[in-house]
> 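First the structure, which I've put down as structure tokens, then a few questions once you've had a look.
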Amino acid sequence: MSDLDKTDAAILDCLQRDGRLSNAKLAEHLSLSETPCWRRVKRLEEQGVIEGYQVMLNRRKLGLGVMAFVQLSFTQHTTEATAAFERIIQASPNVLACHNTTGDADFLLQVVARDLDDYSRFVEEVLRKLPFVSSIRSNLSLREMKASNRLPVTDIL
């Protein structure tokens, strides 16, 4: 992070807000010429600060009405068990995020499903078949008040 400056932070902030922003518009917004702006963006990509670009989709309009946060606890924590778990979770399109956590549970998953029946099927066919799972605790989202993956880049520099 030490080699990033305020202009880099401004670039990242703009691109987080609109990943389709053309280099010309980005340069104009930042009062830069196009070539230095393009070079900075390429450097941020090469350094891995920018990992990629994607579109934000409305899950409800796509028929994914259920959002669940699932806590999983395991009986074993071997390298093999963790690797098997990771392979299954990586292959599951319903799992949006998975975190190894501290506290009562070993992992916290963010899961989407069409409806409660679809979520129940996911629990039965995927989660209950995971090796060494001792506990599954689901919390269903009743209302999503904020959902973002934007990082506070202008605040950290």
Side-chain angles (χ1 to χ4, degrees), residues 1 4 8-30 37-38 40-74 77 81-157:
M1 265 307 279
L4 299 181
D8 293 329
I11 288 170
L12 296 172
D13 190 51
C14 287
L15 290 176
Q16 281 190 117
R17 294 178 193 282
D18 184 359
R20 292 178 50 171
L21 201 59
S22 70
N23 185 62
K25 288 285 186 191
L26 179 61
E28 178 184 321
H29 181 74
L30 299 171
C37 183
W38 179 84
R40 281 178 176 264
V41 171
K42 286 297 167 201
R43 179 177 50 80
L44 293 167
E45 290 172 349
E46 289 166 2
Q47 290 176 338
V49 175
I50 297 175
E51 292 183 338
Y53 301 86
Q54 67 183 36
V55 65
M56 291 174 51
L57 303 175
N58 183 316
R59 69 177 172 83
R60 286 186 183 87
K61 290 190 179 189
L62 293 170
L64 297 167
V66 171
M67 170 78 70
F69 299 92
V70 184
Q71 297 174 329
L72 297 176
S73 297
F74 283 70
H77 298 89
T82 302
F85 168 72
E86 286 183 25
R87 279 191 302 278
I88 292 166
I89 293 304
Q90 290 288 343
S92 177
N94 292 77
V95 178
L96 299 183
C98 176
H99 299 269
N100 187 205
T101 60
T102 61
D104 293 335
D106 296 308
F107 293 93
L108 177 65
L109 281 60
Q110 183 179 10
V111 177
V112 292
R114 288 187 302 277
D115 51 30
L116 288 176
D117 290 336
D118 187 41
Y119 179 68
S120 177
R121 180 206 51 78
F122 172 78
V123 170
E124 292 300 321
E125 294 178 9
V126 177
L127 298 183
R128 291 191 195 260
K129 291 185 178 178
L130 289 169
F132 310 115
V133 171
S134 63
S135 170
I136 301 171
R137 174 182 250 160
S138 297
N139 294 295
L140 299 178
S141 173
L142 299 176
R143 181 169 62 107
E144 191 172 278
M145 298 179 342
K146 180 178 180 179
S148 176
N149 60 358
R150 292 182 188 157
L151 300 175
V153 292
T154 57
D155 295 341
I156 57 177
L157 291 179

> Excluding sequence neighbours, so at least two apart, what forms side-chain contact (heavy atoms from CB on, under 4.5 Å) with Leu30?
Ala10, Ile11, Cys14, Leu26, Leu32
> About how many Å separate CG of Asp104 and OG of Ser135, when rounded to the nearest 0.5 Å?
9.0 Å
> Could you check whether atom CG of Asn58 has more than 12 heavy atoms from other residues, nucleotides or ligands sitting under 6.0 Å from it?
yes
> Applying salt bridge (Lys or Arg N to Asp or Glu O under 4.0 Å), which residue pairs with at least one partner in residues 144-157 are found, sequence neighbours left out?
Arg59-Glu144
> Look at atom CG of Leu62 and say whether more than 12 heavy atoms of other residues, nucleotides or ligands are closer to it than 6.0 Å.
yes
> Looking at Glu124, I want to see if its CD is surrounded by more than 12 non-hydrogen atoms of other residues, nucleotides or ligands under 6.0 Å.
yes
> Specify the closest pair of heavy atoms between Ile136 and Arg128, including all atoms of both residues, with the distance to one decimal.
CD1-CG, 3.9 Å
> If I take atom OG from residue Ser148 and atom CD from residue Gln16, how far apart are they, to the nearest 0.5 angstrom?
7.5 Å
> Report, one line per pair, each donor and acceptor closer than 3.5 Å where one atom sits in a side chain of residues 109-116; sequence neighbours left out.
| unit_1 | atom_1 | unit_2 | atom_2 | d |
| --- | --- | --- | --- | --- |
| Arg114 | NH2 | Asp118 | OD1 | 3.3 |
| Asp115 | OD1 | Asp117 | N | 3.2 |
| Asp115 | OD1 | Asp118 | N | 2.8 |

> Which atom names give the shortest non-hydrogen contact between Pro131 and Ala84, and what distance separates them?
CG-CB, 4.3 Å
> Donor-acceptor check, side chain of Asn100 to backbone of Asp106, threshold 3.5 angstrom: yes or no?
yes
> What pairs of donor and acceptor atoms, side-chain ones from residues 40-50 against any protein atom, are under 3.5 angstrom apart with sequence neighbours left out?
| unit_1 | atom_1 | unit_2 | atom_2 | d |
| --- | --- | --- | --- | --- |
| Arg40 | NH1 | Asp5 | OD1 | 2.9 |
| Arg40 | NH1 | Asp5 | OD2 | 3.2 |
| Arg40 | NH1 | Asp8 | OD1 | 2.8 |
| Arg40 | NH2 | Asp5 | OD2 | 3.2 |
| Lys42 | NZ | Glu45 | OE1 | 3.0 |
| Arg43 | NH2 | Asp8 | OD1 | 2.8 |
| Arg43 | NH2 | Asp8 | OD2 | 2.9 |
| Glu45 | OE2 | Tyr53 | OH | 2.7 |
| Gln47 | NE2 | Asp3 | OD2 | 2.8 |

> Quick one: pull up CZ in Arg60 and CE in Met67 and give me the separation to the nearest 0.5 Å.
7.5 Å
> Check side-chain contact (heavy atoms from CB on, under 4.5 Å) between Thr102 and all other residues, then give those that pass, not counting sequence neighbours.
none
> Which heavy atom of Thr154 sits nearest a heavy atom of Ala9, and at what distance?
CG2-O, 4.1 Å
> Checking the side chain of Ser73 only, and the main-chain atoms of Ser134 only, is there a donor and an acceptor separated by less than 3.5 Å?
no
> Give the intermediate values and the outcome of side chain to side chain contact (heavy atoms under 4.5 Å, CB included) for residues Gln71 and Thr101.
CA-CA 9 Å; Gln71 297 174 329; Thr101 60; over 6 Å; no
> Return the OG to NE2 distance between Ser22 and His29, rounded to the nearest 0.5 Å.
12.0 Å
> Might you point out which heavy atoms bring Arg143 and Met145 nearest each other, and give the distance in Å?
NH2-SD, 3.2 Å
> Has Arg137 got more than 12 heavy atoms of other residues, nucleotides or ligands less than 6.0 Å from its CZ?
no
> Would you check if Val126 and Asn94 make a side-chain contact, meaning some heavy-atom pair closer than 4.5 Å?
no
> Scan residues 101-144 for pairs that pass ring-ring contact (aromatic ring centres under 6.0 Å, His included), counting only residues two or more places apart or in two chains.
Phe74-Phe107, Phe85-Phe107
> Atom CG in Asn23, atom CG in Leu15: separation rounded to 0.5 Å?
9.0 Å
